[in-house]
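Data first, discussion second: the structure below is written as structure tokens.
Naming convention: chains lettered A, B, ... in sequence-line order (proteins, then strands); numbering from 1 in each chain.
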Amino acid sequence: MPLRIATWNVNSIKSRLEAACAWIKSAAPDVLCLQEIKCETGAFPAQAFEDLGYNVAVHGQKSYNGVALLSKWPMDDIITALPGNEADAQARYIEGVVMANGAAVRVASIYLPNGNPADTEKYSYKLAWMARLKAHAQNLFQHEEALVLAGDYNVIPQPEDVHNPASWVDDALFKLETRSAFREIINLGFTEAFRAVDCSVKRYTFWDYQAGAWQKNNGLRIDHLLLSPEAAMRLIACEIDKSPRGAEKPSDHTPIWADLRT
DNA sequence: ATGTCGATACTTTATCGA
């Protein structure tokens, strides 16, 4: 059995608890990285996931942001902040080592800042956060271990990852500066799992709630799994599961998972 | 052109963030 690592921005775990439990039962991920849980750590519905056989690690925050790791396997070395800025109070990062049948895989659940509007301090915060992520990833690379940085990157890597690239050139998710910062992280030696196995276009992980974006397939591919070489050599599949986005009361994101050989 | 959600509070509608 491969090790399945998934990521899903649920846009409030309170609103999505039923959908999350249903998806977990159907996709049976070993690890699920959640973003935008939008609740404080103590308010996270851990019991519901423990009942499904998962260990739970949460870094929550009132109202906004918030990330979590669910793992069928024991987790160790949990860290709940991206190093590099002690003053940053936004809950956007949690990392842990999953002990899967004796083989350790380090997994992070990432909620990278949106950054819009791009002419404000929100965008400089995004770029600073990406620089911190790069620095931290560079440190993690020294371990030469299987490492998966998964989450909502709020980055459209390439024109083929958005329905209408021309209208997104000034957006914080697609600006050249954003894509360049993402590329800098990739260039440390990561493999972006989806593009490693699938070159098809019009493949998205997010569709805005507005303007019939889902019905028209006007989406964005902004949820990614970045694999260290030790993880990438084990990659056997990566798929976007669109079904939760088409269900009742959906998140605006849908899950994406990668299977690693064990 | 607009369109939608979810959380919050001096709440029952407006504001913010996405």
[Y] versus [X], side-chain donor and acceptor atoms under 3.5 Å:
X         : Y         : result
Asn65(A)  : Tyr93(A)  : no
Ser200(A) : Arg203(A) : yes
Asn116(A) : Asp171(A) : yes
Thr205(A) : Asp223(A) : yes
Thr120(A) : Tyr125(A) : no

Gap between atoms [atom1] and [atom2], on [X] and [N] respectively (whole Å):
X         : N       : atom1 : atom2 : value
Tyr64(A)  : dA18(B) : OH    : P     : 8 Å
Asn65(A)  : dC16(B) : CG    : P     : 17 Å
Gln90(A)  : dG17(B) : CD    : P     : 10 Å
Asn114(A) : dG6(B)  : CG    : C1'   : 15 Å
Glu36(A)  : dT8(B)  : CD    : P     : 13 Å

>> Quick check for you: among dC5(B), dG3(B), dA7(B), whose closest atom lies nearest to any side-chain atom of Ser63(A)?
In response: dA7(B)
>> Of the listed nucleotides (dG3(B), dA7(B), dG17(B)), which one gets closest to any side-chain atom of Ala211(A)?
In response: dG3(B)
>> Mind checking if Phe206(A) touches a base, just sugar-phosphate, or nothing, with heavy atoms under 4.0 Å?
In response: nothing
Determine the interatomic distance between [atom1] on [N] and the same-named atom on [M]; round to the nearest Å.
N       : M       : atom1 : value
dT11(B) : dG6(B)  : C1'   : 15 Å
dT15(B) : dC10(B) : P     : 15 Å
dT12(B) : dA18(B) : C1'   : 23 Å
dG3(B)  : dT8(B)  : C1'   : 23 Å

> Considering heavy-atom distances to DNA chain B, does Ser12(A) or Asp252(A) have its closest nucleotide positioned more toward the 5' end?
Replying inline: Ser12(A)
> Starting at the 5' end of DNA chain B and moving along, which residue's nearest nucleotide shows up first, Asp208(A) or Lys38(A)?
Replying inline: Asp208(A)
Does [X] place a side-chain N or O at less than 4.0 Å from the phosphate oxygens OP1/OP2 of [N]?
X        : N       : answer
Lys62(A) : dG17(B) : no
Arg92(A) : dA18(B) : yes
Arg16(A) : dC5(B)  : no
Ser15(A) : dA7(B)  : yes

